Amino acid sequence: MDSIYHSIIEALIFSSDEPLPTSEIIKAIKEIDGSETAITPKDVEASVDYLNEKYEDDEKAFIIKRIANGFAFATKQEYAKYVGFLSSVKSKRRLSQAALETLAIIAYKQPITKPEIEVLRGVNSDYMMNTLLEKNLITIKGRAETIGRPLLYVTTDEFLKYFGLHKISDLPKPREVDEIMKDADFIEEKRKIMMNQIEEIVENEVDSEGDNKSES
Amino acid sequence: MDSIYHSIIEALIFSSDEPLPTSEIIKAIKEIDGSETAITPKDVEASVDYLNEKYEDDEKAFIIKRIANGFAFATKQEYAKYVGFLSSVKSKRRLSQAALETLAIIAYKQPITKPEIEVLRGVNSDYMMNTLLEKNLITIKGRAETIGRPLLYVTTDEFLKYFGLHKISDLPKPREVDEIMKDADFIEEKRKIMMNQIEEIVENEVDSEGDNKSES
Amino acid sequence: MYNINLNSFEGPLDLLLFFIKRDELDIYDIPISNITSEFMEYLALLERLDLEVAGDFILMASTLMQIKAKMLLPKEKDEKGEVIDPRMDLVNALLEYKRYKEMSEELSIQEMQERRVKYRGNFIGDEKKDPDELDALLKNISVFDLVKAFKSALEAKPEEHVHNVEMFNVTIEEQMTEVLNKTDFGKEIKFTELIKGMIEKLRIVVTFIALLELIKMGKIGLKESTEFNNFIIYGTQNG
């Protein structure tokens with residue numbers, strides 16, 4: 001592949017306001033330069049890797065992330081403090097524990113019906129489902145073939161974007177039930193370490209959010 | 001000025017939703033790094049010039065432009081063809097709200113004639129109908145037996161596939177939709193108030209038991 | 001988090017897991033009698049506060065009592081002759097729930113990390129140009145579309161000028177020049193804008209013919225407009 005395509009791929013991803021799939025990149029290039037242009041998904045991947053290495057070397061403040069089935073430019077975490085101060089985009093409230101729990105079940109078991117979710121959580125989940133639908137983190141996709149033909153729920157691309165995931169299979173694998181009780185605190189510990197690392201920054205962010213501290 | 005500020009300024013301009021004025025950049029930096037940080041508008045200008053020179057040297061596909069009293073990243077003109085193609089494809093792909101509304105009416109009322117759709121929507125729907133026909137989401141199925149024998153429209157298998165349905169009767173019933181969207185805020189609010197009340201009391205009780213190891 | 005923070009209990013399963021963890025119980029051998037009384041105390045507390053107890057908690061209370069009762073009866077056996085533990089279903093439910101609770105912690109980590117990342121904020125400065133090969137230009141526009149747009153433009157004109165038969169001098173050449181002027185340097189103009197203010201049908205007809213002529217010469221291009229029965233004309237020559 002000609003090295004000019006590094007720049008073209010860079011321009012395409014840079015100009016897209018949503019994560020750009022490999023297929024769209026190839027389509028755009030072939031449309032402009034002719035359908036005989038030799039460019040494969042592998043070339044695109046290699047090009048993105050090359051670009052990211054360059055950004056790293058040149059100490060750029062941003063890189064190309066693989067997210068929601070596509071590529072998108074994003075700032076590096078080091079600059080979270082500064083950009084967090086400026087922008088209001090992310091000063092949205094974080095999801096509640098109940099919302100995360102419901103989302104986890106849907107993410108791992110999708111497509112799944114509401115009754116199934118409620119059995120797993122042990123609580124009525126009307127409100128949570130409603131909230132997640134409104135936030136466009138989940139959506140309805142068809143019906144189950146079981147009695148009553150309940151609606152089936154799946155996660156959306158917005159879900160992937162919200163959590164910075166490339167595809168659903170990038171989610172960490174849930175552990176087998178047997179393992180769970182053996183070292184039940186494993187993940188909690190991991191989370192705590194993580195929390196401590198970034199606590200300071202998160203606090204700054206929360207401070208600049210200002211008004212919504214009612215959740216804990 | 002410390003060279004770290006090149007990257008910070010880069011990150012700030014990159015992530016801002018609007019063209020970012022020099023004053024905002026200085027404000028953000030002083031807010032995070034302390035008001036005594038020595039950084040002047042001239043430093044910011046110099047930094048942007050430096051960054052742009054680097055982008056030029058490294059043959060990046062983008063530069064920082066001065067737009068409307070602020071700085072904003074922009075892809076270079078050399079790539080306008082590619083960027084233009086991408087954005088035109090995107091604008092065509094998105095099912096607009098109007099198209100969706102039309103599609104919904106057809107899905108729930110099929111078979112239906114164009115005049116009936118237009119009565120329901122209150123606007124001429126030629127363009128929308130054409131779009132939906134083109135995308136193969138609806139099709140023509142015979143004529144109504146009424147005066148003028150207008151064409152009858154129905155949804156296609158493509159439509160079912162897109163929404164993950166087996167048959168049209170799998171669409172959520174209007175009643176179900178009401179239920180999903182019903183305002184559960186009230187219940188949630190009540191729950192929160194209740195929980196806060198109990199929390200206090202229980203904490204007091206637990207404290208008085210004296211045996212609780214307090215973590216976190 | 002050993003303080004009882006009721007806000008953090010997402011339901012009866014969550015509460016039971018809390019008891020198990022706090023008292024370091026073996027989940028496979030839950031002292032059902034103790035845990036039932038703990039659970040009932042919690043419900044009593046809710047009642048003492050005169051609060052409506054959620055149905056889910058009441059349901060769990062009754063499940064616990066059922067298990068407790070079964071524990072006192074002679075053990076049932078399955079087809080293989082193995083003893084059925086009345087607590088088995090509850091244990092499985094707790095483990096499965098615990099599994100997703102863990103995953104929600106993972107999601108929470110992801111959420112925190114993602115919140116520290118920002119995507120590109122504004123796109124107004126990007127140079128965009130539609131592909132300019134003739135094929136691409138006319139891709140979604142057929143002669144039929146042209147005629148349709150023409151027809152609708154004519155129909156939209158008021159009828160009152162029909163009797164005003166006037167002489168006026170308008171030539172195809174003049175209109176071609178006008179169109180070229182308006183589309184100079186790759187500028188764009190909508191068809192409806194172009195014919196705006198043209199009262200006489202003849203002038204519109206002549207302008208339309210001028211357009212066709214210019215397309216044939218490759219001096220202008222057409223592309224789709226999002227509006228119905230309209231299209232955009234633009235110059236293919238820079239100057």
Side-chain angles (χ1 to χ4, degrees), chain A residues 3-4 6-18 20 24-25 27-29 31-33 54 58-62 73-76 78-89 111 114 124 126-131 133-134 140-143 145 149 151-152 154 192 204 208 214, chain B residues 3-4 6-17 20 24-25 27-29 31-33 51 54 58-62 73-76 78-87 89-90 160 163-167 169-172 176 179-185 187-188 191-192 215-216:
Chain A
S3 75
I4 176 70
H6 292 319
S7 299
I8 293 172
I9 289 168
E10 185 178 50
L12 284 169
I13 299 171
F14 200 81
S15 70
S16 176
D17 57 358
E18 48 189 78
L20 190 64
E24 300 275 317
I25 294 172
K27 207 166 99 193
I29 292 175
E31 187 67 30
I32 303 299
D33 292 358
K54 287 281 287 173
D58 300 344
E59 296 179 339
K60 294 286 124 218
F62 42 73
F73 271 93
T75 55
K76 286 189 198 150
E78 291 101 284
Y79 304 98
K81 281 191 293 193
Y82 302 94
V83 297
F85 173 76
L86 255 198
S87 104
S88 55
V89 181
K114 187 156 75 70
N124 176 297
D126 285 332
Y127 174 76
M128 275 310 140
M129 299 297 282
N130 188 359
T131 308
L133 280 165
E134 261 171 36
I140 295 166
K141 187 137 196 174
R143 282 181 189 274
E145 293 297 333
R149 303 192 38 79
L151 296 168
L152 285 168
V154 294
K192 268 195 196 129
N204 283 338
S208 64
S214 58
Chain B
S3 74
I4 176 71
H6 293 318
S7 298
I8 292 171
I9 289 169
E10 186 177 49
L12 286 170
I13 298 172
F14 174 87
S15 65
S16 170
D17 290 330
L20 192 62
E24 291 286 311
I25 294 173
K27 202 168 106 191
I29 292 175
E31 188 68 31
I32 303 297
D33 290 357
L51 287 166
K54 284 281 288 172
D58 299 344
E59 296 180 339
K60 294 288 123 210
F62 44 76
F73 270 97
T75 48
K76 281 190 201 152
E78 290 103 287
Y79 308 98
K81 278 190 297 188
Y82 301 94
V83 172
F85 174 77
L86 199 66
S87 77
V89 167
K90 256 189 206 156
L160 292 176
F163 292 97
L165 303 165
H166 282 276
K167 45 191 192 303
S169 58
D170 284 352
L171 276 170
E176 276 179 302
E179 240 164 72
I180 293 166
M181 302 314 289
K182 84 177 157 211
D183 188 14
D185 280 350
I187 301 167
E188 180 64 7
R191 192 185 84 98
K192 274 211 186 111
E215 278 188 55
S216 82

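All figures in this text were calculated on a predicted structure; none of them were measured in a lab. By convention in this document, chain letters (A, B, ...) are assigned in the order of the sequence lines, proteins followed by strands, and residues within each chain are numbered from 1.
- When each of B:Val83, B:Leu20, B:Leu165 is scored by its heavy-atom pairs under 4.5 Å with chain A, the top score falls to B:Val83.
- With sequence neighbours left out, the salt bridge (charged side-chain N to carboxylate O under 4.0 Å, His left out) criterion links A:Lys54 to no other residue.
- Put simply, the side chain of B:Ser7 gets close to the backbone of A:Glu59: a donor and an acceptor are under 3.5 Å apart.
- Contacts between B:Lys60 and chain A at a heavy-atom distance below 4.5 Å involve backbone atoms as well as side-chain atoms.
- In this structure, B:Phe73 has its ring center no closer than 6.0 Å to that of A:Phe73.
- Looking only at heavy-atom pairs under 4.5 Å with chain A, the residue among B:Ile25, B:Leu51, B:Asp33, B:Leu160 that has the most is B:Asp33.
- Interface residue B:Tyr82: backbone and side-chain heavy atoms are both found under 4.5 Å from chain A.
- Under the 3.5 Å distance criterion, the side-chain polar atoms of A:Arg143 are matched with a main-chain donor or acceptor of B:Asp170.
- For A:Glu78, no part lies under 4.5 angstrom from a heavy atom of chain B.
- When each of A:Asp58, A:Thr131, A:Val154 is checked for heavy-atom pairs under 4.5 Å with chain B, A:Asp58 comes out on top.
- For A:Lys114, the salt bridge (charged side-chain N to carboxylate O under 4.0 Å, His left out) partners two or more places apart in sequence, or in a different chain, are A:Glu118, A:Asp126.
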